[in-house]
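These notes concern the structure reproduced below.
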Amino acid sequence: MNDSMHDVAMTPVLPGSVDSAGQRATLGVLGGGQLGRMFVHAAQRLGYFTAVLEPDAQSPAGRVSHYHIQTDYNDPAGLAQLAQLCQAVTTEFENVPAQALQTLALTRPVAPGAAVVGIAQNRIEEKTHFTACADVSGVRCAPYTVIETPAQLQAVQHDRADLLPGILKTARMGYDGKGQVRVKTAEELAAAWAELGGAACVLEKMLPLTAECSVLVARGWDGQVVSFAPQRNVHVDGILAVTHAYEENMPPALAGSARDAAVSIAHHLGYVGVLCVEFFVVEGGSEHGSLVVNEMAPRPHNSGHYTLDACDVSQFDMQVRAMAGLPLPTPRQHSPAIMLNLLGDVWFDSNGGRREPDWLTVLSLPGTHLHLYGKLDARVGRKMGHLTITGSDVASVKTVARRAAGLLGLPGLDDI
Ligand code: ATP
Ligand code: MG
């Protein structure tokens, strides 16, 4: 469901090329966070110039880009400058105003497009989409209902008591577990909806999860699609803590179904770019459990950061290639990997005092790849970087991951 509903031809933006006016091939990104920074690194490695549109002067991506347009995402002059500088534009966060993407798309290829980003921005539309392609993808979302009015809230008590205990989630602007309240009773639900300001929400049934996983898909302008194997994710307090990326990370049958479902969801959207689809594994179905689709991110994803160090083509390389109309080769993972997220918590001791993590010891461990995003102040819960551990076999990767997690005081590794 791209803007034209059809896959379109795209004249490739060739790496390192210079046009007749002497302008270098430049790729643009809306948003200046860590995902934008890693996109910029990937684009620059291929010889592209980069432009970042981001209001924050100190942003991780703005600091490493050739151009940093420091305006609001909706600023007409900023958007015009981005379009003038760039041959193609992408986004690094889903809450970018869809209007900004629409404006850019008038003059430049924009991947992903405003329509699909708009769907991913809104849990109600997202679930409608997942449901619409469930027959093809083979995967449904958790049982849910929409709550936008007091009448819909009331109706839960009478008609949808099966959804309790559940999770009330705002339709828009949720991430890292924000905008979510867990509720057990109709009274708690009413209080939670009031707490969320009566915003448009979905109430989702609380499912007995046995695992969570996600799949990264890259799809080109011509409809060509490639995918990475599913990675298993461990969340702590609603934030991704650990990603396990190796063959034995989940039952093969479930991994195959998740991968196929993510690809069909991308096709059904007419998606161009990198898409991450998150799944739950729940008890029941087969002996290994069954899959439920949770949500999607219209961009590279935290759970795909291991691809930088463990695959021959990373999720950010794929983002660059897809938007620029370059070939999308099947990615190959050459090493098993575990990724540990580094939140600002790592910079504080148990008394709340500031400390410098013991990087020298961590980096002396074999196969450790440290990525820090260049954020100046560490705050609890803030994503500051990640550490990927690669090795020749899963057992040694797990051993090093445990040691690194111990040194840094990281949670989420109890089950390995
Ligand atoms: P993200 O940072 O991935 O954008 P988010 O804030 O958008 O997160 P979700 O992915 O919907 O929120 O939920 C966060 C986490 O809460 C999930 O990864 C899962 O651990 C748990 N969770 C969410 N919905 C359910 C559910 N219906 N049943 C059980 N657990 C759930
Ligand atoms: Mg999520």
Side-chain angles (χ1 to χ4, degrees), residues 31 33-35 91-96 117 119-127 129-131 139-147 156 160 162-184 188-189 192 196 199-216 230-244 250 258 262 265 274-285 289-305 315 339 341-343 381-383 386 411-412 414-415:
Q34 62 267 19
L35 299 175
T91 173
E92 66 112 37
F93 73 129
E94 63 261 49
N95 289 325
V96 65
V117 173
I119 293 172
Q121 280 174 346
N122 186 320
R123 285 187 199 274
I124 299 170
E125 288 186 41
E126 190 174 54
K127 287 181 189 301
H129 173 75
F130 289 149
T131 306
V139 178
R140 304 196 164 272
C141 42
Y144 75 101
T145 191
V146 171
I147 298 183
V156 171
R160 295 306 307 267
D162 63 301
L163 296 177
L164 296 171
I167 307 188
L168 185 67
K169 303 180 178 182
T170 55
R172 295 183 155 277
M173 303 300 266
Y175 68 99
D176 290 346
K178 295 186 175 68
Q180 298 194 5
V181 187
R182 295 180 176 218
V183 291
K184 291 199 197 71
E188 284 182 19
L189 172 64
L196 294 173
C201 284
V202 295
L203 172 66
E204 227 176 272
K205 185 179 176 64
M206 178 73 84
L207 299 175
L209 310 189
T210 55
E212 297 186 57
C213 70
S214 53
V215 177
L216 291 155
Q231 48 274 352
R232 184 164 66 83
N233 303 319
V234 178
H235 293 80
V236 175
D237 297 333
I239 306 182
L240 181 67
V242 181
T243 294
H244 297 262
M250 54 190 290
I265 286 167
V274 170
L275 178 74
C276 181
V277 185
E278 293 181 24
F279 298 91
F280 298 143
V281 181
V282 298
E283 287 165 10
S290 53
L291 280 178
V292 168
V293 57
N294 174 29
E295 58 174 355
M296 60 185 171
R299 51 169 172 77
H301 192 259
N302 196 164
S303 63
H305 289 352
Q315 61 170 348
M339 188 230 44
N341 243 359
L342 302 173
L343 302 181
R382 188 177 196 202
K383 288 179 181 168
H386 67 272
D414 309 338
D415 65 331

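Order of appearance sets the numbers: ligands from 1, and atoms from 1 within every ligand. The shown structure was predicted, so the numbers you read here are calculated from the model rather than taken from an experiment.
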Distance under 4.0 Å to a non-hydrogen atom of [X]: what atoms of ligand 1 satisfy this?
{"X": "Glu278", "answer": "3 (O), 10 (O)"}
{"X": "Ile167", "answer": "22 (N), 23 (C), 24 (N), 25 (C), 26 (C), 31 (C)"}
{"X": "Leu209", "answer": "29 (C), 30 (N)"}

For Ser214 and Gln231, what are the C-alpha separation, side-chain angles and deciding distance, and is it a side-chain hydrogen bond (donor to acceptor under 3.5 Å, both in side chains)? CA-CA 6 Å; Ser214 53; Gln231 48 274 352; 3.0 Å; yes
Between the side chain of [X] and the main-chain N/O of [Y], is any donor-acceptor distance below 3.5 Å?
{"X": "Gln315", "Y": "Asn302", "value": "no"}
{"X": "Glu126", "Y": "Met296", "value": "yes"}
{"X": "Thr210", "Y": "Val281", "value": "yes"}

Between His301 and Glu278: side-chain donor-acceptor atoms closer than 3.5 Å: yes
Can you name the N/O/S atom of Glu278 that is nearest the Mg ion (ligand 2)?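 Per the distance ranking, Glu278 contributes OE1 as its closest N/O/S atom to the Mg ion (ligand 2).
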The Mg ion (ligand 2) - name of the N/O/S atom of Glu295 that sits closest to it: OE2
Backbone, side chain, both or neither: what part of Ile239 comes under 4.0 angstrom of ligand 1, heavy atoms only?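 Under 4.0 Å from ligand 1, Ile239 contributes no heavy atoms.
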Where on Met206 is there a heavy atom closer than 4.0 Å to ligand 1, on the side chain, on the backbone, on both, or on neither?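 Both backbone and side chain of Met206 come within 4.0 Å of ligand 1.
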Determine, considering heavy atoms only, which of Arg123, Glu126, Lys169 sits nearest to atom 24 (N) of ligand 1.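 Residue with the shortest heavy-atom distance to the ligand atom: Lys169.
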Name the option, out of Glu204, Glu212, His235, Arg182, that contains the heavy atom nearest to atom 17 (C) of ligand 1. Glu212
Provide the closest heavy-atom pair for Leu207 versus Pro143 in the form atom of the first, atom of the second, distance. CD2-CD, 4.3 Å
For the 3.5 Å polar cut-off, considering only N or O atoms, please tell me whether His301 and ligand 1 meet it.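 No, there is no polar N/O contact under 3.5 Å.
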For the residue pair Lys127 and Val146, establish whether any side-chain heavy-atom pair is separated by less than 4.5 Å.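 The answer is no, as the side chains (C-beta and beyond) never meet within the 4.5 Å cut-off.
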